[in-house]
Novice: 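Below is one structure. I have some questions about it.
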Amino acid sequence: MKPILLQGHERSITQIKYNREGDLLFSVAKDTVTNVWYSVNGERLGTYNGHTGAVWCVDCDWDTKNVLTGSADNSCRLWDCETGKQLALLNTNSAVRTCGFDFSGNIIMFSTDKQMGYQCFLNFFDLRDPQQIEDNNPYLSVPCSENKITSAVWGPLGEFVIAGHENGEINQFSAKAGEILKKAKEHTRQINDIQTSVDLTMVITASKDNTSKLFDSNSLDHIKTFRTERPVNSAAISPSMDHVVMGGGQEAMEVTTTSTRIGKFEARFFHAAYEEEFGRVKGHFGPINCVAFHPDGKSYSSGGEDGYVRIHYFDSHYFDFELEA
């Protein structure tokens, strides 16, 4: 593997996201900056400047026209992908933790944190109705009073949102009525990340309980479990192989007391069917906060507490690999 090192942030990376074609990679961090890069060579194309707090989440729509970001400055912002111009500003009462476009790119969802006396809300806006944006009035706002949402993705066909909570629960929220369609409680601690498979039929979770789990998107049936000996911050499903990659490490505040060798800051690869680990990739000088596979499956990226994004291209023999049953 030959990694490309992307240096465009001054603080730890919070999320990375490829667009559908995979030619662009978006990265956000705790330093208020949203960067966009060419994934093929790591060249930085530009930045989306406007946030005044840590940026927690980023998403790009299906045809790479618009970019959505959510931040600790109590705002969710919509950007023109090409020009970097801010198209919409949605103010909230607390930090925006997760955000995403639905399949059509017309509906956006974002969740706010439970803090400063405000409870967690899951908000839905229709971008085809300018009045909603102008009035900052979502067509649907779902309160989550008990356990805040820590990660969320759209399900297939944009009918519901799959959300992970701080108590380890997963819920399906209807995008039309807001009610909870299905629940699953397989994790014992906070879910740090949820990502979908390329065909949206499965989701993978990453949790503080040292496991990552595979679920069916529609039924929320638990399929597989991948176990480690440390908290898992992020996990992704390969679009071309039966593989998953996981990144994690210790809590950020414990890192300074540990050497990088003991800290176990590698990205770890597991076989999706056999649940067995078959490889590790070193690189970061601290916990890995986010991982993402390129849509063609020939490379993956990771963002770390060290403020770097790394793009790793697989050697050709990686694709000859098949674990023996």
Novice: Please, which pairs that meet ring pair (Phe, Tyr, Trp, His ring centres under 6.0 Å) have at least one residue in residues 15-41, sequence neighbours excluded?
Specialist: Tyr18-His294
Novice: Does the side chain of His284 pick up a donor-acceptor pair with the side chain of Ser302 at under 3.5 Å?
Specialist: yes
Novice: Can you find a pair of side-chain heavy atoms, one from Asn74 and one from Val96, that are under 4.5 Å apart?
Specialist: no
Novice: For Met202, what are the other residues in its hydrophobic cluster, where any two members join if their side-chain heavy atoms are less than 4.5 angstrom apart?
Specialist: Ile204, Leu214, Ile223, Phe226, Val232, Ile237, Val244, Met246, Phe270
Novice: Is the backbone of Val58 close enough, under 3.5 Å, to the side chain of Gln15 for a donor and an acceptor to pair up by distance?
Specialist: yes
Novice: Would Thr228 and Asn210 count as having a side-chain donor-acceptor pair, cut-off 3.5 Å?
Specialist: no
Novice: When you measure from the side chain of Asp59 to the backbone N and O of Leu68, does any donor-acceptor pair fall under 3.5 Å?
Specialist: no
Novice: Any side-chain donor paired with an acceptor under 3.5 Å for Thr211 and His187?
Specialist: yes
Novice: Do Asn19 and Asp23 pair up side chain to side chain, a donor and an acceptor below 3.5 Å, judged on atom types alone?
Specialist: yes
Novice: Using a 6.0 Å cut-off, check whether atom CZ of Phe101 has over 12 heavy atoms from anything other than its own residue.
Specialist: yes
Novice: Any chance you could lay out the side chain to side chain donor-acceptor pair (under 3.5 Å) test for His271 and Asp242, step after step, and finish with the verdict?
Specialist: CA-CA 6 Å; His271 195 283; Asp242 291 331; 4.9 Å; no
Novice: Taking atom CD as the centre, does Glu10 end up with more than 12 heavy-atom neighbours from other residues, nucleotides or ligands that are less than 6.0 angstrom away?
Specialist: no
Novice: Spell out, as yes or no, whether a donor-acceptor pair under 3.5 Å connects the side chain of Asp135 to the backbone of Asn137.
Specialist: no
Novice: Angle between ring planes, Phe269 versus Phe314, binned at 30° and 60°: parallel, tilted or perpendicular?
Specialist: perpendicular
Novice: Report yes or no: do Trp56 and Ser71 form a side-chain donor-acceptor pair below 3.5 Å?
Specialist: no
Novice: Fit a plane to each ring of Phe285 and Tyr308, take the angle between them on a 0 to 90° scale, and name the class: parallel (under 30°), tilted (30 to 60°) or perpendicular (over 60°).
Specialist: perpendicular
Novice: Classify the angle between the aromatic ring planes of His243 and Phe278 as parallel (below 30°), tilted (30 to 60°) or perpendicular (above 60°).
Specialist: tilted
Novice: Under 4.0 Å between a side-chain nitrogen and a carboxylate oxygen: does that hold for Lys213 and Asp209?
Specialist: no
Novice: What's the separation between atom CG in Leu90 and atom CD1 in Ile108, rounded to the nearest 0.5 Å?
Specialist: 5.5 Å
Novice: Does the pair Glu277/Arg268 count as a salt bridge with the N-to-O cut at 4.0 Å?
Specialist: yes
Novice: Phe173 and Phe124: ring-ring contact (aromatic ring centres under 6.0 Å, His included), yes or no, with the steps?
Specialist: CA-CA 11 Å; Phe173 291 96; Phe124 295 86; 8.2 Å; no
Novice: Going by atom types alone, do His312 and Ser299 pair a side-chain donor with an acceptor below 3.5 Å?
Specialist: no
Novice: Got a sec: does the CD of Glu82 have more than 12 other heavy atoms crowding it under 6.0 Å?
Specialist: no
Novice: Main chain of Thr112, side chain of Tyr118: is a donor-acceptor contact present, judged purely on distance under 3.5 Å?
Specialist: no
Novice: Taking everything shown except Lys85 itself, do over 12 heavy atoms lie less than 6.0 Å from its NZ?
Specialist: no
Novice: Among Trp154, Phe125, Phe121, exactly one meets ring-ring contact (aromatic ring centres under 6.0 Å, His included) together with Phe110. Which residue is that?
Specialist: Phe125
Novice: With distance as the sole test, does Asn35 use its side chain to make a donor-acceptor pair with the main-chain N or O of Gly8 at under 3.5 Å?
Specialist: yes
Novice: Locate the shortest heavy-atom distance separating Gln195 from Ala236; write the atom from each residue and the value.
Specialist: OE1-CB, 3.5 Å
Novice: Is the backbone N or O of Val55 less than 3.5 Å from a side-chain atom of Thr14, with the two atoms forming a donor-acceptor pair by type?
Specialist: yes
Novice: Has the side chain of Thr150 got a donor or acceptor atom that lies under 3.5 Å from a matching backbone atom of Ile191?
Specialist: yes
Novice: Taking only Lys NZ, Arg NE, NH1 and NH2, and the carboxylate oxygens of Asp or Glu, determine whether Asp80 and Lys65 approach each other closer than 4.0 Å.
Specialist: no
Novice: Give a yes or no answer on whether the side chain of Asp73 reaches the backbone of Ser75 with a donor-acceptor pair at less than 3.5 Å.
Specialist: yes
Novice: Do the side-chain N and O atoms of Thr201 and Ser217 include a donor-acceptor pair separated by under 3.5 angstrom?
Specialist: no
Novice: Taking Pro138's backbone N and O only, do any of them form a donor-acceptor pair with Gln132's side chain (distance below 3.5 Å, no angle check)?
Specialist: no
Novice: Has the side chain of Ser111 got a donor or acceptor atom that lies under 3.5 Å from a matching backbone atom of Arg97?
Specialist: no
Novice: Should we say atom CZ of Arg44 is surrounded by more than 12 heavy atoms from elsewhere, each under 6.0 Å from it?
Specialist: yes
Novice: Distance from Ser301 atom OG to Leu6 atom CG, nearest 0.5 Å?
Specialist: 7.0 Å
